[in-house]
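Please read these numbers as outputs of a predicted model, since none were measured by experiment. Residue numbers begin at 1 in each chain, while the letters A, B, ... track the order of the sequences. All values below were derived from every heavy atom in this structure, side-chain atoms included, with hydrogens, water molecules and symmetry-related copies excluded.
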Amino acid sequence: MEKSVMVIGGGVAGIQASLDLADKGIIVHLVEKTPSIGGRMAQLDKTFPTNDCSICILAPKMADCFSHPNTNVITYAEVVGVEGKAGAFKVKVLKKARYVDESKCTGCGECLEKCPAKVKSEFEMGLANRKAIYMPMMQAVPRVMTIDKEHCMMLTKGKCGNCKKACKREAINYEMKDQILEVEVGAIIVATGFDVWDPTSSTEYGYGRYPNVYTAMEYERQINAAGPTHGHIERRSDKQRPQKMAFIQCVGSRNPQVGHPYCCAVCCMHSTKEAMLAREHHDDMESTIFYKDMRACAKGFWEYIERAKRDYAVRYVNSDATVQENPENHNPIVVYDVGGRQQSEEFDMVVLATTLLPRKETLELAKILGLKADQFGFLESADRILGHGGTAIPGIYLAGYAAGPADIPESVAQGSSAAAKAVETLVQAGV
Amino acid sequence: MADKKTEAMEKPRIGVFVCHCGSNIGGFVDVPTVAEYAKTLPDVVYATDNLYTCAEDGLSNIREGIRKHQLNRVIVASCTPRTHAPLFQATCESAGLNKYMFTFVNIREHCSWVHMKEKEMATKKAKDLIRMGVARARLLEPQEEAKVDVTPASVVVGGGVAGMTAALSMAEMGFPIHLVEKEGELGGFVRNLNNLYVTEKSAGDTIKPLIDKVKANKNITTHLNSTLKSVEGFIGNYDISIGTKGAEDQKHKVGTIVVATGALEYMPEGLYGYNQYPNVVTLTEFEILCKKKTLPKLKNVAFIQCVGSRGQVKSYCSRICCNVAIKNGINIVDNYENMLGLMEKAGTVVDKIPVEKKATDEIMERRRRRRGRERGEEGDAEEVKLGPSEKIEVTIFNRDIMAYGVDHELTYNKAREKRVKFVRYTTDHLPKVYMEGNQLMIAYFHETLKLERTMPVDMVILSTPLVAQPDAGELSQLLKVPLGQEGFFLEAHVKLRPVDFATDGIYVCGTCRGPADITEAATQASAAASRAAIPMAKGYVQAEALTSVVDENKCSGCGTCMQVCPYGALRKNDKGFAEVIVAACKGCGCCGATCPEGAITMTNYTDAQLMAEARAALEEEV
């Protein structure tokens, strides 16, 4: 049998694991649920603590991963079954019909103009619409369209066919069926990443009720030049540019009442970055960050906070905070506490650092693979001290946020680490 | 070589393929006109436009063009080389054309997408860009990529948890490893520690299986009491010499190097009465007292966090100390009596403080807590008075508690449930440690109550940061890899290459690259093992064809280029001239730009080629 490994999840952790394996001459089957690899990192505007453009540093890796002679990138697909053991797993992969022939589509986008459907774009956090035929983002890999069958007029009502008419390459095929692929691999790496918590249920923040309260992920898309507002920060209520920004930390995290007592490990840093970027966009932006503990504790992180204070005039207030609204102008009012005294302050916009959760689907995957998850749904390592990423099942390894809160460099290191463990397994199993 | 010259010296025959990219380019640039214009440029013998040059019919169009028109230069004017250069280069090669005779002109990102509202100007700019491409293409030369063999063996410097993990991982993959440890024993910093957080196992028991596996693995040669004395060579081909105390130096050949030399704890001389008052110790000294079961009798214990870090002496946060302090706080509350011992090593102050031997009465404890809650006394201030006399009191003075992630935060909560007190201080009001008669005291500012307070303590534990090894600088010079801020090794890219150095073949993991806990260090170590295994598993590295070239007739041997090269890719040859190590060179051009003699050029980015391109841009002629 060929030396091969399956990587589940095409975010930065999965991409790194795939590249490390493929570069060693091992065949990699990378299974990604959505139409494109890239994961959460592709949605971020910039990355701390260097303020590198996120997609600019990720896109080359996405392209390398896809075009590597040893990788087989299977997008729009899910793992539905597994048998066997380390050295000889048989994995069943459901490849969903995308109704577009991947070998013919060049991603030119001529079909997009003709599609009549309007669907909230998942990639843009619902701040913009996409069509029923779509690429999730401009830099999608593979660069091919996908038809979302829930919203396609042709597939739901049998009327339309505009995209097929528009496609000069005859790539559209409404008859396409889901496929089950069977793949034999020696080891499996799970890197299914995280989801963003919806703060609507925590009414003290007013999200969903007050128009000018945003989640951090929505804000990341707003400030991105390729995002729905082309990088212009604007309020939902009046499309005006805010000037006084509030960032509230630990929304839904470090909070046992909503079931997430843990710290999500990245929000202090991303809020600081977001406050800095506001100032980079406009000199008169004033940002305040309301925090419990400023957890800036990896390489260069504390220095980054100091820089935010010194060069970007970011103000840090050590307090819990809740949000009310001035009904006249829809300005959010942040209520907080200094030295035991309640204060309130009006802002133009509030950004909530909502907690990050392991994906619900990861639990289903865990069942299929026989992996254990902790009470929050993070996949568990068998040896929590020296063997992070090694599971109770030989031959199955973890990387990235699915195995517990981690930032980008940690996820990358874990991707490489899982690759090393997978190679050890292949060597030991004599594959 | 003969081929290379003939191909270059032949009269250029250039083919230009202009792409519509659907409507991405075609919607804003008049592509057929641009293709017609391309035909008028010197040495262009064929030009055409494609709807999609990257689709199979577009690619076969290129292949046919090369055969039919004997093209020896190909230009594609389309999207971005980031994603598509490899595809078009491979297409040229499949038709027998050296891939370095291909030129990419980006008329999408650089033109149509940014000039969507100015179609005429966009068309003009596309012409300009193609004219520049033609000017450069005429002067291109075919290049060969050298393959360099890699010795499938590695040396790991440092025998702590990170070094051992990296060595073991590569050994399990089948590579012979030299593990070099300065001390007489494996284990590194962890040998000092009592227990490790998230587990109640002793630190020694936790790492013993790892040490045993390293010792038992036949692929690992462990060199104790040893250092790396010299390193010569480049990726795949390092000649190293290992010096061992009381033995002759050993010479070995390895393909890769992993740096895992660890860190030390900062000694807070002059801070908070350290070395001035008895019973003021560092976090690690406290661990040693616990581990040796030599704790004095204690009733009030205070931890001070961020001693010497986050701007006090060092700029950075040391990441691990909050969680280590929390772990020790819990240990003191739960397990203090098991760690008690003779007091000779830890001072004498606590003599007169009676420790009541009463076992904890759980019911009393619960009642006491409930009383406290009923009075709304969740805060720390009152709690000091309310504390049960039979219990030891632990207070952690902190700036921010860095209990990131799941386990640390839950442990932090557990510590609070166990009545470990957390008192925040700011840099405006640092706590003070002083003596009042024979009594060690702490004065602090209560941030909520806005009041100065004092409390008697029996021991003060200072959480100081991990600091770089004093000999990190020496090793960095030996390996020609950089140190970053505060003396920790600097990785190639903070986000995406956390365990690589910019120099190929050398990798870094563990606390020598910055504070990390044992789990993170072990993860980085197996990541470094994965990275180092790539060239070793392949058995060769493909050298860049676009590298710098030294003209020995012009070189004065000044060595400036060696200093600026970020990849350690230049050395002096026997004649005293600079020489490029092709396997290590990335073609970045730093040396060429710096050379005072103008002796260094970059292949296919020669002055002549770049000047021709610039002239074409400015003068509208080729």
Query - Presence of salt bridge, B:R424 and A:D293, under 4.0 angstrom - result: yes
Query raised in the report: A:T50 versus chain B, heavy atoms under 4.5 Å apart: side chain, backbone, both or neither?
Result: side chain
Query raised in the report: For chain A, which of B:C317, B:G405, B:A537 has the most heavy-atom pairs under 4.5 Å?
Result: B:G405
Query - Option in A:E110, A:K168, A:H388 with maximal non-hydrogen atom pairs under 4.5 Å from chain B - result: A:E110
Requested in this report: Would you kindly check if the NZ (Lys) or CZ (Arg) of B:K495 is within the cone defined by 45 degrees around the ring axis of A:F48 and under 6.0 Å from the six-membered ring centre?
Outcome: yes
Query raised in the report: Of the backbone (N, CA, C, O) and the side chain (C-beta and beyond), which part of A:Q428 lies under 4.5 Å from a heavy atom of chain B, both, or neither?
Result: side chain
Report summary line: The residue among B:E486, B:E491, B:E520 that forms salt bridge (Lys or Arg N to Asp or Glu O under 4.0 Å) with A:K299 is B:E491
Report task. Go through the steps to decide whether B:S315 and A:E303 satisfy the test side chain to side chain donor-acceptor pair (under 3.5 Å), and finish with yes or no. Result -> CA-CA 7 Å; B:S315 61; A:E303 292 87 334; 2.9 Å; yes
Query raised in the report: Can you list the residues that meet the salt bridge (Lys or Arg N to Asp or Glu O under 4.0 Å) rule with A:R307, with sequence neighbours excluded?
Result: none
Query - Residue part contacting chain B, namely of A:D407, when any heavy atom lies under 4.5 Å - result: neither
Query raised in the report: Out of A:G109, A:G389, A:P409, which one racks up the most heavy-atom pairs below 4.5 Å with chain B?
Result: A:P409
Query raised in the report: Is chain B contacted by the side chain of A:M41, its backbone, both, or neither, given a heavy-atom distance below 4.5 Å?
Result: side chain
Query - Those residues that, when tested against B:K538, pass salt bridge (Lys or Arg N to Asp or Glu O under 4.0 Å) (two or more places apart) - result: none
Query raised in the report: Quick one: do the B:N413 and A:R254 side chains pair a donor with an acceptor below 3.5 Å?
Result: no
Query raised in the report: Which bit of A:Q139 comes within less than 4.5 Å of chain B, counting heavy atoms only: side chain, backbone, both or neither?
Result: neither
**Report entry** A:G339 backbone acceptor or donor facing B:E447 side chain under 3.5 Å
**Finding:** no
Query raised in the report: Going by an N to O cut-off under 4.0 Å, is there a salt bridge joining B:R319 and A:E410?
Result: yes
Report task. Find out whether B:Y404 and A:C297 are in side-chain contact, i.e. whether some heavy atom of one side chain is under 4.5 Å from a heavy atom of the other. Result -> yes
Query - NZ/A:K292: more than 12 non-hydrogen atoms of other groups inside 6.0 Å - result: yes
Report summary line: Interface check, chain A: of B:R497, B:E172, B:R513, B:R310, most non-hydrogen pairs under 4.5 Å belong to B:R310
Query raised in the report: At a heavy-atom separation under 4.5 Å, does A:V266 approach chain B through its side chain, its backbone, both, or neither?
Result: neither
Requested in this report: Begin from the C-alpha positions of A:V12 and B:L496 and carry the test side chain to side chain contact (heavy atoms under 4.5 Å, CB included) through to its verdict.
Outcome: CA-CA 9 Å; A:V12 70; B:L496 294 183; 3.9 Å; yes
Query - Heavy-atom proximity to chain B below 4.5 Å, by part of A:D383 - result: neither
Report task. Mark yes or no for whether A:K24, through its side chain, and B:S530, through its backbone, hold a donor-acceptor pair below 3.5 Å. Result -> yes
Requested in this report: Pick whichever of A:V423, A:L426, A:V141, A:I57 has the most heavy-atom pairs under 4.5 Å with chain B.
Outcome: A:I57
Query raised in the report: Does any non-hydrogen side-chain atom of A:M138 lie less than 4.5 Å from one of B:W113?
Result: yes
Query - Atom CZ of A:R310: over 12 foreign heavy atoms under 6.0 Å - result: yes
Query raised in the report: Using non-hydrogen atoms only, which part of A:A296 is less than 4.5 Å away from chain B: side chain, backbone, both, or neither?
Result: backbone
Query - Contact check, side chains of A:L386 and B:T519, non-hydrogen atoms, under 4.5 Å - result: no
Query raised in the report: Any idea which of A:C108, A:P405, A:C263 has the most non-hydrogen atom pairs under 4.5 angstrom with chain B?
Result: A:C263
Requested in this report: Evaluate the side-chain proximity of B:H408 to A:Y262: yes if any heavy-atom separation is below 4.5 Å, no if none is.
Outcome: no
**Report entry** Check: A:E424 and B:L168 side chains under 4.5 Å, non-hydrogen atoms
**Finding:** no
Report task. Side chain from CB out, backbone as N, CA, C, O: work out which of these in B:L51 comes under 4.5 Å of a heavy atom of chain A, or both, or neither. Result -> side chain
Query raised in the report: Are A:R295 and B:D400 close enough for a salt bridge, meaning some N to O gap below 4.0 Å?
Result: no
Query raised in the report: Non-hydrogen atoms of chain B under 4.5 Å away: do they reach the side chain of A:R143, the backbone, both or neither?
Result: side chain
Query raised in the report: With no hydrogens and no angle check, do the side chains of B:S526 and A:S417 hold a donor and an acceptor under 3.5 Å apart?
Result: yes
Query raised in the report: So which of A:G415, A:P261, A:A406, A:A419 has the biggest tally of heavy-atom pairs under 4.5 Å with chain B?
Result: A:P261
Query - Under 4.5 Å from a heavy atom of chain A, the part of B:A403 involved - result: both
Report task. Find the one option among B:Q524, B:H20, B:H493, B:K201 whose heavy-atom pairs under 4.5 Å with chain A are most numerous. Result -> B:H493
Requested in this report: Take B:D57 and A:R169 through the test side chain to side chain contact (heavy atoms under 4.5 Å, CB included) and record every step on the way to the result.
Outcome: CA-CA 11 Å; B:D57 49 357; A:R169 306 203 46 81; 3.9 Å; yes
Report task. Name the region of A:K421, side chain, backbone, both or neither, that has any atom closer than 4.5 Å to a heavy atom of chain B. Result -> side chain
Query raised in the report: For B:L196, is it the side chain, the backbone, both or neither that has a heavy atom under 4.5 Å from a heavy atom of chain A?
Result: side chain
Query raised in the report: Are the side chains of A:V412 and B:V499 in touch, meaning some heavy atoms are under 4.5 Å apart?
Result: no
**Report entry** pair A:Q375-B:L410: side-chain heavy atoms closer than 4.5 Å
**Finding:** yes
Query raised in the report: Which atoms of A:A420 come close to chain B, meaning under 4.5 Å heavy atom to heavy atom: side chain ones, backbone ones, both, or neither?
Result: both
Query raised in the report: Is it the case that more than 12 heavy atoms not belonging to A:K309 sit under 6.0 Å from its NZ atom?
Result: yes
